[in-house]
Amino acid sequence: MSTPTARNISPRTVLVWTAVALVGALGWAMLALSRGEEVSAAWMVAAALGSYAIAYRFYSRFIVTRVLRADKTRATPAERRNDGVDFHPTDRRVLLGHHFAAIAGAGPLVGPVLAAQMGYLPGTIWIVVGVIFAGAVQDMVTLFFSTRRDGKSLGQMAREEIGPIGGAAALLSVFIIMIILLAVLALIVVNALAESPWGTFSIAMTIPIALGMGFYLRVLRPGRVTEVSLIGLVLLLLSIVGGNWVAESSWADTFTLDHSTLVLWMVAYGFIASVLPVWMLLAPRDYLSTFMKIGTIGLLAVGVIFTLPTLKMDAVTDFAGRGDGPVFAGSLFPFVFITIACGALSGFHALIASGTTPKMIEKETQVRMIGYGAMLMESFVAVMAMVAASIIDPGLFFAMNAPAGVVGDTVQSASEAVAGLGYSISPEQLAAAAKAVEESSLLSRTGGAPTLAVGVSEIFSDVIGGDSMRAFWYHFAIMFEALFILTALDAGTRVGRFMLQDMLGNVYKPFRDVSWKPGIWICSAVVVALWGYFLWVGVHDPLGGVNQLFPIFGIANQLLAAVALAVCTTLLVKSGRLKWAWVTAVPLVWDVVVTLTASWQKIFSDDPRVGFFSQRERYQDAIDADKVLPPAKNMDEMHTVVTNSTVDGVLSALLAVLVIVVIADAARTCVRAIRDPESARLHEAPYVESRIVAPAGLVATPEEKRELAEAAAASGRPERAPQGGPSA
């Protein structure tokens, strides 16, 4: 991949990128400089897209060419170790879909909605700036280094490249955090699909469609990605329409599942998706899901541009300074940066980038499109979630997202509570909002997903169908969110299996072979059993299981990002790229400051709304006084709250200490490598020349088209270069 020089940049290119920069700058100016006047949500879209375009064109290209020095002649593990199960050269378009679907979980949908409590501006700045300089960088660099190391997991890379102490801390912390994240993701899916025949049917149908797509590409028409994409898209649209029909038919009862039944199906699906060959179910299903994800978000952006809704939420609310918001307690710093995770920086992504994706990527040069590009796509999802939360009436926003203990259970009490927060909405307006989307009530619909669905329905109904279609679009959005999150769960379970195999392989060598079937089955069963246990308890006990772990979800995720950035920085230093180490070191320092500050406050804050141990003390004092405090309804639940607060506080402290150990050991390794470069030993796989010819980006350049044509002529296969097996 060559970097253009000033001599071959045309005036037309300069004009185009100048225009893009001006559009982005104008969008930011309109968002940041407004003082009380109405601001169109279209300016938020313009600011984000302009920034993304500049970042991808220039910053990501700089990193992949100058910092990483990606080598298109070097064979990737997918080519060298192609086993048709986990290692499999996969068309970059399919892999982009898989990677995006795997990383795009609950975070970009829910986090920005909750963070809108602070106003739309702080969250939007973090989403866009954070992804450009931190999130997308982490994903791309982790993917590159894992690809150079046979697709090894993040924890295993830490053990080999940092040292046994930091590596052991990384392995333990990463695996604990992974189970917490998977359990929380699963709970969100279960809550979204429970008693929803439309959503359950539509999502269930993606499984046989994906299996058909996998066999189509593997057996019937290898390499025909365009064909299978069109077939899959048509079938997906039919399943969505059919889901609405099923919900109104006699089959509705069949697909109306309660929480317990859904948990069992989720566990079974997670196990099957983890053990089946990656080309058969996981990759095509995630690719298929991407059509719906990107299509819906793209249409939402188009709807914003056409309808030009105004941002009704303040740019910065009073809660940002006071830290006493009803949605979540805590000040803007550090909690906005913890609440908005996946849309800006997410440690979970590093697990995918060192899990399934590096075992499937065809060329090192594709890490830019798949690692950096997919993260920009997810960030735009987060921006659209912020738009959806900010265009609805602030009174409705707080009535939906404040807990029942704040707003009560009647529209009258909710109206009064919202007025006490400094906003206004009448009981009649609250009742009308619920009726418009055919819900009995929208009060205390916490978690962010229902609020996003209301915003989506408001935009889409203005474009198609008017008020009569608002309920349809609301339930469509709920189903869309469940599909969005489920694709992160199945890929995450497979990555959890890889991590456990790596860990056990340090004790019993056969586990190191990720194709060893007993290891595949045992580790998959252990992973799904762990997150399945927390999920099962959580759906039966509103204060137990995964509900116990939910409060540390954001901090755990960002601590995981600190581990990933520490590993990446260490590898840059050890590989002789010290002058470029700032690329990951700067976001590492920021993430550590933010996350450890949040951890400190959650552990030691005297405010029981923030600190776990102060909350424990408050509830214990109430127990001693024979009082019951919400959300507990009886004395048994009071004891559960005390237990949960204790567990959350101890876990937060444990994870923070483990991450500090990792960072300290990484710093030691870096200093040693700087003082004595000859002592730095890398664990890269040996160089093997690649036989695959594939474009680096989504669209092949003229040079890449010539290479593809030459390779196809030499191999006698149309459009594709020689590979170890058919493309998935």
Side-chain angles (χ1 to χ4, degrees), residues 83-88 98 102 105 151-156 171-190 193 203-204 207 210-211 214 257 259-283 285-286 348 351-352 354-356 359-360 485-540 544-546 548-549 556:
D83 61 7
V85 179
D86 295 314
F87 294 89
H88 189 73
H98 157 73
K152 288 180 179 175
S153 67
L154 177 64
Q156 188 64 21
L171 283 168
L172 180 59
S173 60
V174 168
F175 191 72
I176 291 173
I177 293 170
M178 165 64 90
I179 297 302
I180 293 172
L181 299 183
L182 290 176
V184 171
L185 290 174
L187 179 66
I188 296 172
V189 175
V190 168
L193 293 183
I203 290 176
I207 297 175
L211 289 170
L257 305 180
H259 289 77
S260 299
T261 305
L262 279 169
V263 170
L264 297 177
W265 279 112
M266 294 278 288
V267 169
Y269 171 73
F271 178 81
I272 293 170
S274 179
V275 301
L276 284 180
V278 71
W279 61 265
M280 187 181 295
L281 177 60
L282 189 68
R285 187 189 179 282
D286 288 352
F348 178 78
L351 303 182
I352 304 299
S354 62
T356 55
K359 298 177 178 66
M360 301 161 67
I485 298 164
L486 182 60
T487 52
L489 180 67
D490 53 18
T493 300
R494 196 180 193 96
V495 172
R497 187 252 287 179
F498 292 148
M499 290 169 53
L500 189 56
Q501 285 181 277
D502 281 343
M503 291 173 63
L504 296 178
N506 295 316
V507 179
Y508 185 59
K509 289 185 178 179
F511 278 101
R512 292 182 181 177
D513 180 5
V514 294
S515 300
W516 186 50
K517 283 187 168 50
I520 293 174
W521 297 332
I522 292 170
C523 292
S524 296
V526 170
V527 171
V528 296
L530 287 173
W531 65 253
Y533 165 77
F534 288 110
L535 178 61
W536 178 266
V537 175
V539 300
H540 290 89
V546 65
Q548 183 182 63
L549 304 176

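Side-chain atoms are counted along with the backbone in the values below, which use heavy atoms only and exclude waters and symmetry mates.
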Exercise. Can any side-chain N or O of Ser274 pair as donor or acceptor with the backbone N or O of Gly270 at less than 3.5 Å?
Worked result: no
For this session: With the side chain counted from C-beta on, respond yes when Asp83 and Phe87 share a heavy-atom pair under 4.5 Å apart, and no when they do not.
Result: yes
Problem set entry | side-chain contact (heavy atoms from CB on, under 4.5 Å) between Trp531 and Leu489, intermediate numbers included | CA-CA 10 Å; Trp531 65 253; Leu489 180 67; 4.1 Å; yes
For this session: Over all heavy atoms of both residues, which pair between Arg494 and Val85 is shortest? Give the atoms and the distance, please.
Result: NH2-O, 3.2 Å
Problem set entry | Cys523 SG to Ile520 CD1 distance, which is reported to the nearest 0.5 Å | 9.0 Å
For this session: Find the distance between OG (Ser153) and CD (Gln501) and round it off to the nearest 0.5 Å.
Result: 10.0 Å
For this session: Looking only at non-hydrogen atoms, find the nearest pair between Phe534 and Ala183 and report the distance.
Result: CB-CB, 4.1 Å
Seminar exercise, completed: With sequence neighbours left out, the residues meeting ring pair (Phe, Tyr, Trp, His ring centres under 6.0 Å) with Trp516 are Phe511
For this session: Measure the CE-CG distance between Met178 and Leu530 for me, rounded to the nearest 0.5 Å.
Result: 12.0 Å
Exercise. What's the shortest heavy-atom distance between Leu171 and Met503, and which atoms?
Worked result: CD2-CG, 3.6 Å
Exercise. Going by heavy atoms in the side chains, are Phe271 and Leu276 under 4.5 Å from each other?
Worked result: no
Problem set entry | Between CD1 on residue Ile272 and OG on residue Ser524, distance to nearest 0.5 Å | 11.0 Å
Exercise. Are any of the side-chain heavy atoms of Ile177 and Phe348 separated by less than 4.5 Å?
Worked result: no
Problem set entry | Heavy-atom side-chain contact between Leu185 and Val189 under 4.5 Å | no
Problem set entry | Test applied, side-chain contact (heavy atoms from CB on, under 4.5 Å); reference residue, Leu257; option that passes from Leu262, Leu264, Val263 | Leu262
Problem set entry | Closest non-hydrogen atom pair, Leu182 against Val527 | CD1-CG1, 4.2 Å
Problem set entry | Ser260 and His540, any side-chain heavy atoms less than 4.5 Å apart | yes
Exercise. Does a salt bridge link Asp502 with Arg497, judged by any charged N lying under 4.0 Å from a carboxylate O?
Worked result: no
Seminar exercise, completed: Minimal heavy-atom distance between Ala525 and Val528, with the atoms involved, is O-CG2, 3.3 Å
Problem set entry | Verdict with reasoning, Thr356 to Phe498, per side-chain contact (heavy atoms from CB on, under 4.5 Å) | CA-CA 9 Å; Thr356 55; Phe498 292 148; 3.9 Å; yes
Exercise. Are side-chain heavy atoms of Leu281 and Tyr269 found at a separation under 4.5 Å?
Worked result: yes
Exercise. Would you say the side-chain atoms of Lys359 pair up with the backbone N or O of Gly151, donor to acceptor, closer than 3.5 Å?
Worked result: yes
For this session: Look only at the side chain of Trp279 and the backbone of Gly84, and say whether a donor-acceptor pair between them is shorter than 3.5 Å.
Result: yes
Exercise. What are the two closest heavy atoms between Ala273 and Asp490, and how far apart are they?
Worked result: CB-CB, 3.9 Å
